[in-house]
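Accompanying notes for the structure given below.
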Amino acid sequence: EAAGLLRTVCNAIQYAHEQQIVHRDIKPGNILLDDHQRPYVTDFGLARILDSPSDLTATGQMVGTPSYMPPEQALGQRDLVDIRSDVYSLGVLLYELLTGVTPFDRETLKRASFDEMRRMIREDEPLRPSRRLSTLENQLDSTINQQRQNDFCLLSKSIRGELDWIVMKTLEKDRSRRYDSTRALAADVQAYLDDQPVQACPPTIRYRLGKLARRHRGLVGVAA
């Protein structure tokens, strides 16, 4: 159900992208459901037109909702904010639909200083959704079980694998490693729904080691 909902939202955002519009503030509060549970994307107040010189956002200015924004947007890198930035936010949306929480805890981001908040978004790697559920089991068991009408074990197993891979591909810090369009993301979600192979795949050991080395440059240098 969550995957089907996201696929429909992706199609709506894809239409905006075809008009050269980037939303920049995709979050649950900006998606409305009608009586038939059909989603509508709203509030384009922070949207920008790609390659438009009239964008009022200055370079270095952070706009949007921290829990849902990609690193380039958090850092105010206006020229790097494009359709792949919306892909990231759609990944956060799917993450929350599956787990009930965002990749980065809202309260933690609120308590953090401005620079620390941006560092977290830029550097910290979120847990994959199935793993996040296992950490939430003792904290929110009754709440999420009531919402999902399921238990953690079954829910985690249903997410583990392809949905994990799809979500984590959207949440890549390096935007070149994300889906290159919402159409591509929607296609992978549809492949999952149709029990077809998905394009997303788990990161290789070499890639994970490279990420680890970049996060701990000082220790790696000493070891070398």
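Using a cut-off of 4.0 Å between Lys/Arg side-chain N and Asp/Glu carboxylate O, D34 and R38 are scored as salt-bridged.
Residues T170 and L90 form no side-chain contact, since every pair of their non-hydrogen atoms from C-beta on lies 4.5 Å or further apart. Residues V167 and R128 form no side-chain contact, since every pair of their non-hydrogen atoms from C-beta on lies 4.5 Å or further apart. Considering only heavy atoms from C-beta on, D105 stays 4.5 Å or farther from L109 through its side chain. Side-chain atoms of H17 and Y15, non-hydrogen and from C-beta on, never get closer than 4.5 Å to each other. Two residues are said to be in side-chain contact when any heavy atoms from C-beta on lie closer than 4.5 Å; I31 and L93 meet this criterion. Counting heavy atoms from C-beta on, the side chains of P103 and E96 never come closer than 4.5 Å. For the pair Y179 and R84, the minimum side-chain heavy-atom distance is 4.5 Å or more. By the 4.5 Å heavy-atom criterion applied to side chains, C10 and V189 are not counted as neighbours.
More than 12 heavy atoms of other residues, nucleotides or ligands sit less than 6.0 Å from atom CZ of R119. Applying the 6.0 Å contact sphere to CD of E1 captures no more than 12 heavy atoms from other residues, nucleotides or ligands.
When each of R178, R175, R122 is tested with E72 by the rule salt bridge (charged side-chain N to carboxylate O under 4.0 Å, His left out), just one qualifies, namely R178. Among I159, L98, L127, V101, the single residue meeting the side chain to side chain contact (heavy atoms under 4.5 Å, CB included) criterion with L133 is I159.
Between L33 and L5, the shortest heavy-atom contact is CD2-CD1, 3.8 Å. Scanning all heavy atoms of the two residues, the minimum distance from S67 to R106 falls at OG-CG, 3.3 Å. Annotation for Q73 and S85: closest pair OE1-CB, 4.4 Å, computed over non-hydrogen atoms.
Note on L193: it clusters hydrophobically with I166, by side-chain heavy-atom contacts below 4.5 Å among ILVMFWY residues. I83 and L46 sit in two unconnected hydrophobic clusters of ILVMFWY residues. Membership requires side-chain heavy atoms under 4.5 Å apart, directly or through other members. Two different hydrophobic clusters hold V81 and M117 under the rule that ILVMFWY side chains link at heavy-atom gaps under 4.5 Å. Linking ILVMFWY side-chain heavy atoms closer than 4.5 Å, directly or via other members, places L6 and L32 in two distinct hydrophobic clusters. Both Y192 and Y95 are assigned to one and the same hydrophobic cluster, defined by single-linkage of ILVMFWY side chains at heavy-atom distances under 4.5 Å.
Under the 3.5 Å distance criterion, with hydrogens and angles disregarded, no donor-acceptor pair is assigned to the side chains of Y68 and R24. For the residue pair D86 and T182, no side-chain donor N or O sits within less than 3.5 Å of a side-chain acceptor on the partner. With 3.5 Å as the limit, one finds no donor-acceptor pair spanning the side chains of S181 and Q14. Between the side chains of S113 and D115, no donor N or O sits under 3.5 Å from an acceptor N or O.
K169 NZ to Y88 OH: the interatomic distance, rounded to the nearest 0.5 Å, is 15.0 Å.
Taking the side-chain contact (heavy atoms from CB on, under 4.5 Å) definition, one finds that D43 meets it with N30, sequence neighbours left out. Residues that satisfy the side-chain contact (heavy atoms from CB on, under 4.5 Å) test with Q199, not counting sequence neighbours, are D188.
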